[in-house]
Every structure is written in structure tokens, then in C-alpha cells.
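Keep in mind that the numbers below use all heavy atoms, side chains included, and drop hydrogens, waters and symmetry copies. FYI, the numbering just counts along the sequence from 1.
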Amino acid sequence: MRDPLSALTETFTSFLFGKVETTRLPVRTSTGQAQAVYLPTAAPGLGDSGVIIGREVYSGKGYIYDPFQLYGQQLPAPHWLVLGESGNGKSALEKTYVLRQLRFRDRQVVVLDAQGEDGVGEWNLIAQELGITPIRLDPTAALDMGIRLNPLDPAITTTGQLALLRTIIEVAMGHGLDERSGFALKVAHVYVNETITTRQPVLTDIVEQLRHPEPESAEAMNVALDDVRAWGLDVALVLDRLVDGDLRGMFDGPTTVGIDLDAPLIVFDLSHIDRNSIAMPILMAIVGVWLEHTWIRPDRKKRIFLVEEAWHIINSPFVAQLFQRLLKFGRRLGLSFVAVVHHLSDVVDGAAAKEAAAILKMASTRTIYAQKADEARATGRVLGLPRWAVEIIPSLSPGIAVWDVNGNVQVVKHLITETERPLVFTDRAMTESSTPDLSDDALRAAELEAEERAAAFVEQHLSDLDDSSESTVA
């Protein structure tokens, strides 16, 4: 029975202010029943076929990604772009991804390792763990019987050799070859290949022929011999840099015997090359063409080509065009190209903006680690990211990234197992301490316990992958 005074007060209040909302009593229910009321907010995952990356932040589900498994279903192309500021986990992601991919028996990986630590490339530990010797391109070591890659290796087709020579020259000169210089180079290349049959032709042979062309070459085009010599002079000077200049020793001799192109992992260690010099794109061009003609074969293997500091490639129009052609092998011969870049502005505002746009368009998978707000907004505009993803990029913690797989956008925490941890971290010089801080031992212990539980989940998945790789390989 209601109190008369309360009823009168409520009637008067309703007359003045309108009807007052009634208060609902709390409802007790189970999780199973409540899930129909509180619907999930996380987008669907990418399936359970491939290698595990980590855990979706919003749903807590395991995040599994494999471009070869997704190709043709959810991915139009298997290529991948990784972006983010230094120190946020790009290198750790790449390394664990490669290690986990290599658990499939039909995978093969080539890495262009442009960053160094302790006098070697940062992939050196992983190479050692797998019993592989990196191909260390070093001008100083090359003079003392170091590694050599021959642009005129017979394993490369004559068409590929000429294309490589042109690319080297155009990268060094900063512009395309004119018709006359191109003719002089072509004549010298044809003559060298026709006359040197008892050994591998080398760059010194091309330089010598450019400086002293044969009379027959001039007669074939009805021009004076001195004109042919003049047309090839600039070309000879550029190639001379690979013979007697600062890049000597690496490309002016027969290809080093023993380079194993059938190894599951091939690491080109470029850490001794100045990344800001013209030498880097020249090296990228030579390695790119050399791999195109000697490594990529129609043998049903799935290949991954991972390039550190990829802006060195994309910033050079001629090298970008070469790699653009390489990316087209993704559909025909099963190649996944992985480009690692710090800032998108490094490439979209560079000298090869048109070529960069074409390469970015081919990358159907984009992973973005923490960036400054302005950079995140620019990245979002270029890549077409949803607004919510752009807004959270500046606040992402190390190891967490926004993944955009052909429009399927997720926030993913990368998980690393204890076995992988000593192999993938590359900032020891900055993080190691001679006097460990013990003030936050309890907090760190709790963090480690949580990480170990998560890593155990990854370990179990990788173990299952080992057991079933024979049957799940596409």
C-alpha cells in the first residue's frame, strides 16, 4: 500500500514536470543469456590457417595470418607493408613471422638486412640458429676474397644482364640512359658475351670494351669509331666505380662459389654499406635482378622477400620499377614481398612518388605501429584507414599495431615466445644494464607471468603447426 502523501506528491510533480521514469529492478542472469544482449564488437578474424601473430586486443582471440593461405579468398595480392617509428616492434614482428613461416616445409625466405648491431647484421643471430651463413656484402672484406655477386653471371639471362647493367648506370647517374649511351652499352655487352666463353664474363670486360670498342661495332651502325667511344664514356666511368671505386670487390668477379640458393633462409647482410649513399640502391638493384633470375623458380615453393629500410628502394625510380616488376611474380610464382618503412612520407614524398604509389597499391596487407599524430593522419589518408584506427595509432604501445588486411582492420598484440625472445630483439645496446633495477621486481614478475601465459598459447599453436604442416601446406 502506497503512502497517501507520496502518491499526492508524485501526482503534483507529474502535473508540473510530466511523467517521471520508473526505476527498473536489477535482473540476475547468466553469461550465456546476456551474450544475446551485449553483442560482440570485434570484427571477424582471418581464419585459423597459417601462422599465429598474436592476439586481437578487443576480442582476445588468436590472430593468425598467412598471405599464401588468404590469397584468392580474402587477399588480391600477397604483399605486405610494415610501418612505424623505431622501437615499437617492427623488427621483432618480422623475425618471428619468418621463423614461424619456416615451420612450413615449402617456404623459403630472402632478407635484405640493412641494419647492423655488434658489427654484423641484425639477422645474424637467427641465421646462426638455423645454421646459415649470411651473404655479407662488404667493400673492405670483398678485397680479401669476400662475397661476390656477378651481374654477368651465366645464371642470369642475357636480357636480364643488360637490364641490370642499365639499372645500375641509371641509379648512379640519376637519370635514364639516352639512346646513344644505351647503344654503346648494348654493343659492348654483346661483344663480351660472344667472345668470352672459357670463363664468366665480368664487369671489367664491359668497361674495357666501352673504352676500346671494336671497329665492327661502329661499322654496323655506320658511325665513326670515335663516336661510339664517346657515347660509352660516361657509362664506362659509372661501371668503373664497381671495379675500382668504393664498391670494388663485390661485383667485379665471378659469383662466389657456395652461395646456397636452396637454403630455407638467405640473408644478404648490407649492414656495412652506408644506407644514405648511392651505393645502397645500386646494391638493391643488383641483388634484386640477381634473385629474379637465379632464385625465383616455378617449383611450387612459396617465397618471402623481406626488405629492411625499404625506402632506399622505393625512393629510386629505376630500382622501384625493377622491384615493381618483381612484385608481379607474387601471383604467378608465389612470391610475397614484405617492405619495412619507418614513415610513409619517406616514400610518397620522395623522388619516385609514382612508382611508390604503384608498390603501395600492390600491398594488400598493411601493419601500422605507433606514429606521431600528424604522421598517423597522413598514413590514414594514403592507405584509406578508418577514422577510429587513425585516432588510436599515436597511442599504441610497443608490440601493438593496427592490421589492415584488405579492409579487415584489427588491433593486434604481437606475442613472442621465450624461445624466440633472445633471437628477435635488436636493441641490446640500448636496453641492457650493468646494474639491474630491482625496485619494480613485483610488477615485472606479474608482467612476465602474463606474458608467459600468452606465449604458451603461441607455443602450443606452433607445436600444432609442426604436427600438421604436411597436410595444411597449400
A side-chain contact here means heavy atoms from C-beta on lying under 4.5 Å apart; do [X] and [Y] qualify?
X: D106; Y: R300; result: no
X: V338; Y: V98; result: no
X: N124; Y: D269; result: no
X: R136; Y: H272; result: yes
X: Y97; Y: T367; result: no
X: I393; Y: L385; result: yes
X: R366; Y: L83; result: no
X: H79; Y: L81; result: no

So, does [X] use its side chain to make a donor-acceptor pair with the main chain of [Y] at under 3.5 Å?
X: E375; Y: L344; result: yes
X: R229; Y: R211; result: yes
X: E420; Y: T417; result: yes
X: K90; Y: Y369; result: no
X: R100; Y: I52; result: yes
X: N406; Y: S364; result: no
X: Q161; Y: D153; result: yes
X: E170; Y: L177; result: yes
X: K302; Y: P67; result: no
X: S397; Y: I400; result: no

Going by the ring pair (Phe, Tyr, Trp, His ring centres under 6.0 Å) test, which pairs reach into residues 152-209, not counting sequence neighbours?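 Of all non-adjacent pairs touching residues 152-209, none passes ring pair (Phe, Tyr, Trp, His ring centres under 6.0 Å).
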
Does the side chain of D66 come under 3.5 Å of the side chain of Q101 through a donor N or O and an acceptor N or O?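 D66 vs Q101: donor-acceptor pair found between side chains.
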
Distance-only polar pair, side chains of N193 and T158, donor-acceptor under 3.5 Å: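 Not at all, the side chains of N193 and T158 share no donor-acceptor pair under 3.5 Å.
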
Can you name the ring pair (Phe, Tyr, Trp, His ring centres under 6.0 Å) partners of F305, sequence neighbours left out?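 Ring pair (Phe, Tyr, Trp, His ring centres under 6.0 Å) list for F305, sorted by chain: F323, F337.
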
Taking ring pair (Phe, Tyr, Trp, His ring centres under 6.0 Å) as the test, write out the residues that go with Y65, two or more places apart.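 Per chain and number, Y65 pairs via ring pair (Phe, Tyr, Trp, His ring centres under 6.0 Å) with W80, W403.
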
For K95, which of E122, E129, E308 qualifies under salt bridge (charged side-chain N to carboxylate O under 4.0 Å, His left out)?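 Of the listed options, the one satisfying the test is E122.
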
Where do [X] and [Y] come nearest, in terms of heavy atoms and distance?
X: P213; Y: V228; result: CB-CG1, 3.9 Å
X: L152; Y: P201; result: CB-O, 3.4 Å
X: I266; Y: Q108; result: CD1-NE2, 4.4 Å
X: V57; Y: K413; result: CG2-N, 3.9 Å
X: S181; Y: W231; result: OG-O, 3.2 Å
X: L203; Y: F251; result: CD1-O, 3.5 Å

Say you draw a straight line from [atom1] of [X] to [atom2] of [Y]; how long is it, rounded to the nearest 0.5 Å?
X: L335; Y: I296; atom1: CG; atom2: CD1; result: 5.0 Å
X: L423; Y: T96; atom1: CG; atom2: OG1; result: 10.5 Å
X: I168; Y: L164; atom1: CD1; atom2: CG; result: 4.0 Å
X: L270; Y: D113; atom1: CG; atom2: CG; result: 7.0 Å
X: Y58; Y: Q410; atom1: OH; atom2: CD; result: 10.0 Å
X: R107; Y: L265; atom1: CZ; atom2: CG; result: 14.5 Å

For A389, side-chain contact (heavy atoms from CB on, under 4.5 Å) partners two or more places apart: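 Checked A389 against side-chain contact (heavy atoms from CB on, under 4.5 Å); matches are P386, V402, V409.
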
Look at atom NZ of K186 and say whether more than 12 heavy atoms of other residues, nucleotides or ligands are closer to it than 6.0 Å.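 Result for NZ/K186: open.
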
When you look at CD of E179, are more than 12 heavy atoms from neighbouring residues, nucleotides or ligands closer to it than 6.0 Å?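 No - once you tally the heavy atoms of other residues, nucleotides and ligands closer than 6.0 Å, there are 12 at most.
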
For H342 and S86, run side-chain contact (heavy atoms from CB on, under 4.5 Å): C-alpha distance rounded to whole Å, both residues' side-chain angles, the deciding distance at 0.1 Å, then the answer. CA-CA 7 Å; H342 288 292; S86 296; 2.9 Å; yes

Which salt bridge (Lys or Arg N to Asp or Glu O under 4.0 Å) pairs, counting each pair once, include a residue from residues 192-206, with sequence neighbours left out?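 Qualifying pairs: R199-D205.
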
Please report the C-alpha distance between V202 and D252 in whole Å, then the side-chain angles of each, then the deciding distance to 0.1 Å, and finally whether the side-chain contact (heavy atoms from CB on, under 4.5 Å) criterion is met. CA-CA 6 Å; V202 293; D252 57 342; 5.9 Å; no

Step by step, would you call L185 with I206 a side-chain contact (heavy atoms from CB on, under 4.5 Å)? CA-CA 8 Å; L185 177 63; I206 299 289; 4.2 Å; yes

Quick one: list whatever passes side chain to side chain donor-acceptor pair (under 3.5 Å) with N222, sequence neighbours left out.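 N222: no side chain to side chain donor-acceptor pair (under 3.5 Å) contacts found.
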
Go through the steps to decide whether L93 and I53 satisfy the test side-chain contact (heavy atoms from CB on, under 4.5 Å), and finish with yes or no. CA-CA 8 Å; L93 172 67; I53 299 297; 3.9 Å; yes

Name of the residue among I304, I126, L130, V51 meeting side-chain contact (heavy atoms from CB on, under 4.5 Å) with L102: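 One option only clears the test, and that one is L130.
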
